[in-house]
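The structure appears right after this line, and notes come after that.
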Amino acid sequence: MKKKVTATVISQKEISPGIYDLWLKTELAAYAHCGQFVGVYTGNDSRLLPRPISICEISDDWSAMRLVYRIAGKGTADISHLKEGDSVKILGVLGNGYEFIKIFGEDLSGAKDVVLMGGGIGIPPMLQTSKELSAHGIQHTVICGYRNADLFLNQDLAKYGTLHIATEDGSWGVKGNVLDVVAQKGIKTGVILACGPMPMLRAIKKYAESSKITAYISLEERMACGVGACLGCVCKTANKDEHSNVNNARICTDGPVFKSSEVMI
Amino acid sequence: MMNTSVNIAGIEFKNPVMSASGTFGSGVEYEEFFDLDLLGAVVTKGVSNIPWEGNPTPRIAETYGGMLNAIGLQNPGIDVFIKRDIPFLKRFNTNIIVNVCGKSVDDYIDVVERLSDEDVSMLEINVSCPNVKEGAIAFGQDPKALYNITSEIKKHAKQPVIMKLSPNVTDIALMAKTAEDAGADAVSLINTITGMKIDIERRSFVLANKTGGLSGPAIKPVAVRMVYQCAKAVKIPIIGMGGISNAEDAIEFLMAGATAVAVGAMNFVNPTAMPETICGIEEFMEKHGIDDINEIIGCVD
Ligand SMILES: Cc1cc2nc3c(=O)[nH]c(=O)nc-3n(C[C@H](O)[C@H](O)[C@H](O)COP(=O)(O)OP(=O)(O)OC[C@H]3O[C@@H](n4cnc5c(N)ncnc54)[C@H](O)[C@@H]3O)c2cc1C
Ligand SMILES: Cc1cc2nc3c(=O)[nH]c(=O)nc-3n(C[C@H](O)[C@H](O)[C@H](O)COP(=O)(O)O)c2cc1C
Ligand code: FES
């Protein structure tokens with residue numbers, strides 16, 4: 001379901017320097033699944049476009065969703081000022097998300113050696129993904145890459161999968177990135193589900209190609225409509241895209257999650 | 001019973017509100033938000049004779065009270081459009097206006113001819129897209145070129161022709177008059193205003209294309225002024241657009257002389273902006289005892 005709705009802030013707090021944890025009460029939660037996102041309006045008429053933010057977690061009763069985001073500019077700064085009880089307009093639910101049936105097959109039998117990889121502000125969507133995998137009884141590994149020891153969401157993530165941590169400066173866990181963890185710990189990778197900065201996604205695409213496994217990666221692009229109408233948010237595809245009739249897919253509707261072999265990044 | 005219907009080149013519109021080309025796809029994406037039957041018309045994304053890939057990304061940059069876009073007229077080409085988009089739109093009780101783009105006069109004529117047997121209400125000719133390097137905008141900035149392309153298209157078009165004007169000119173009224181003289185059945189304006197945004201941290205352009213077209217509330221006063229100037233200069237109907245968010249904005253354009261209005265970038269901000277605008281116009285008419293919307297068209301003087 002897609003709708004612009006008014007959500008109510010349940011709580012908001014800063015969980016790491018510049019990283020905010022926002023719980024919203026919204027009817028949209030009931031229609032969402034892992035890897036999807038919502039457009040959050042800034043409430044400021046000079047900044048009109050909704051900010052795309054991934055769904056980090058959905059409450060067990062499907063009445064609320066959690067967004068974890070970094071202040072990247074003025075729009076996210078506006079959003080960080082929201083307090084308990086405030087209203088905020090959101091557009092959702094947007095994007096395909098991680099579609100388990102498509103990824104693992106009808107009976108989910110393809111879900112072997114599943115590894116989730118999150119880098120930086122790409123970590124939040126991995127929480128709901130991990131939660132849904134465990135709800136299906138699918139054992140999995142979660143690897144998170146942080147810049148330094150300012151970790152966030154690590155305690156939540158440890159609940160559902162086997163968690164490994166990498167930091168760029170080596171101040172926690174493995175020194176290096178998520179793929180360094182795979183190499184050092186000898187983690188078996190059957191299917192990778194990933195979200196993070198472009199260099200990390202490029203490395204995962206290469207890794208998947210060379211080790212002949214499948215990886216699903218979540219991409220980002222500047223968006224206007226968020227619903228597939230404006231063609232602002234495209235990425236290059238390996239084959240002709242059915243909707244566009246050229247080698248461009250819309251990240252907001254055909255993605256943000258793509259099979260790594262299908263996109264040219 | 002109050003009348004909200006308007007007439008453009010013999011085509012009846014149940015109300016004067018339609019989508020602005022390129023902001024509404026072919027309607028598919030907004031069907032989830034409201035019933036397209038409510039609209040006066042759906043104006044489609046620009047379509048060319050062959051598929052176009054458009055520009056590299058980033059294609060979008062938000063600006064104060066508006067946005068820049070440099071999509072570069074990505075579209076699936078007329079063949080897919082006729083097979084897929086027209087049949088979709090035929091399911092609704094609304095007018096279909098197909099927006100046409102091209103790089104040469106022959107490209108435009110190719111598309112116009114392919115549409116001649118299709119059941120669409122009108123053609124809107126985009127001679128003003130600032131995001132395509134070759135051709136397109138030159139037609140919209142040079143009166144001679146505009147006259148030539150308008151008269152050529154009129155020779156081949158089966159449906160009434162709307163020429164969509166660029167605001168990136170010195171004298172918009174001259175362009176409207178030129179289109180009228182060349183046989184256009186209506187004009188629409190404004191297309192986006194060419195702009196630029198620079199990322200001062202990265203010391204580079206925000207858009208891959210460097211420049212983009214500005215749209216949204218930030219451009220509304222310019223658009224209202226241009227509609228007013230054109231209304232004074234021509235007798236053919238005008239479809240006004242540029243920053244319309246709601247009924248008040250729409251009524252401003254009607255009073256400036258537009259027979260109908262289109263909503264563009266604000267569809268992205270509020271997916272139900274158009275049905276809300278239509279309701280708001282009716283409320284305004286009721287409140288002010290206006291029986292026929294045509295009474296307020298061009299009423300300022
Ligand atoms: C599908 C998707 C999911 C995302 N999920 C998250 C998340 O869970 N947590 C999080 O912290 N961030 C996430 N982002 C990035 C987030 O959207 C941007 O950080 C945010 O839009 C910045 O807005 P701003 O006004 O603070 O920054 P400004 O730079 O002032 O924004 C200016 C404009 O650029 C756009 N923009 C800027 N950076 C980005 C970006 N990286 N991606 C897309 N648009 C951008 C803004 O939306 C706005 O329209 C996601 C992006 C996408 C596309
Ligand atoms: C993303 C985007 C795509 C557009 N694509 C087209 C197009 O294909 N053809 C066209 O004639 N105008 C196009 N336009 C211009 C709009 O139809 C309209 O003239 C302009 O945006 C001003 O109206 P607004 O301020 O309400 O958006 C586009 C505008 C936007 C924002
Ligand atoms: S943001 Fe408009 S098509 Fe994706």
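To find a chain, count down the sequence lines: A is the first, B the second, and so on, and within it residues start at 1. Fair warning: this is a prediction, and the values are worked out from it, not measured in the lab.
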Could you tell me if [Y] and [X] have a donor-acceptor pair between their side chains, going purely by distance under 3.5 Å?
X	Y	value
Thr194(B)	Asn168(B)	yes
Asp61(A)	Ser63(A)	yes
Gln74(B)	Arg59(B)	yes
Asn177(A)	Glu168(A)	no

Worksheet entry | Value rounded to 0.5 Å, distance of CG in Leu89(B) from CD1 in Ile96(B) | 4.5 Å
When only heavy atoms count and the cut-off is under 4.5 Å, which of [range] reach chain B?
range	result
residues 229-239 of chain A	Ala229(A), Cys230(A), Leu231(A), Gly232(A), Val234(A), Lys236(A)
residues 19-31 of chain A	none
residues 248-263 of chain A	Asn248(A), Arg250(A)

Report which part of [X] has an atom under 4.5 Å of a heavy atom belonging to chain A: side chain, backbone, both, or neither.
X	result
Val269(B)	both
Thr63(B)	backbone
Phe24(B)	backbone

Worksheet item: So what's closer than 4.5 Å to chain B heavy atoms on Glu242(A): side chain, backbone, both or neither?
Response: backbone
Worksheet item: Does any heavy atom of chain B fall under 4.5 Å from the side chain of Asn44(A), the backbone, both, or neither of them?
Response: neither
Worksheet item: Would a 4.5 Å heavy-atom cut-off, applied to side chains only, mark Ile265(A) and Leu219(A) as touching?
Response: yes
Practice prompt. Find out whether Tyr41(A) and Leu49(A) are in side-chain contact, i.e. whether some heavy atom of one side chain is under 4.5 Å from a heavy atom of the other.
Written response: no
Practice prompt. Could you walk me through whether Glu118(B) and Lys90(B) pass salt bridge (Lys or Arg N to Asp or Glu O under 4.0 Å), step by step?
Written response: CA-CA 11 Å; Glu118(B) 297 298 324; Lys90(B) 288 314 297 176; over 6 Å; no
Solution key, residues 31-48 of chain B side-chain donor-acceptor pairs under 3.5 Å, sequence neighbours excluded:
unit_1   : atom_1 : unit_2   : atom_2 : d
Glu31(B) : OE2    : Arg91(B) : NH2    : 2.9
Glu32(B) : OE1    : Lys2(A)  : N      : 3.3
Asp35(B) : OD1    : Asp37(B) : N      : 2.9
Asp37(B) : OD1    : Asn93(B) : N      : 2.7
Thr44(B) : OG1    : Asn99(B) : N      : 3.3
Ser48(B) : OG     : Ile50(B) : O      : 2.7
Ser48(B) : OG     : Trp52(B) : NE1    : 3.3
Ser48(B) : OG     : Asn75(B) : OD1    : 3.3
Ser48(B) : OG     : Asn75(B) : ND2    : 2.9

Discussion item. Tell me if the NZ atom of Lys3(A) is crowded by more than 12 foreign heavy atoms within 6.0 Å.
Written reply: no
Item to complete: Evaluate whether atom CD of Glu113(B) has more than 12 neighbouring non-hydrogen atoms of other residues, nucleotides or ligands under 6.0 angstrom away.
Response: yes
Worksheet item: Top residue by heavy-atom pair count (under 4.5 Å) with chain A, among Pro56(B), Pro76(B), Gly216(B)?
Response: Pro76(B)
Worksheet, complete the sentence: Answer key: most heavy-atom pairs under 4.5 Å with chain A among Gly25(B), Gly65(B), Ser245(B) is Gly65(B)
Fill in: Residue that, paired with Val40(A), satisfies side-chain contact (heavy atoms from CB on, under 4.5 Å) out of Asp78(A), Val88(A), Leu91(A)
Val88(A)
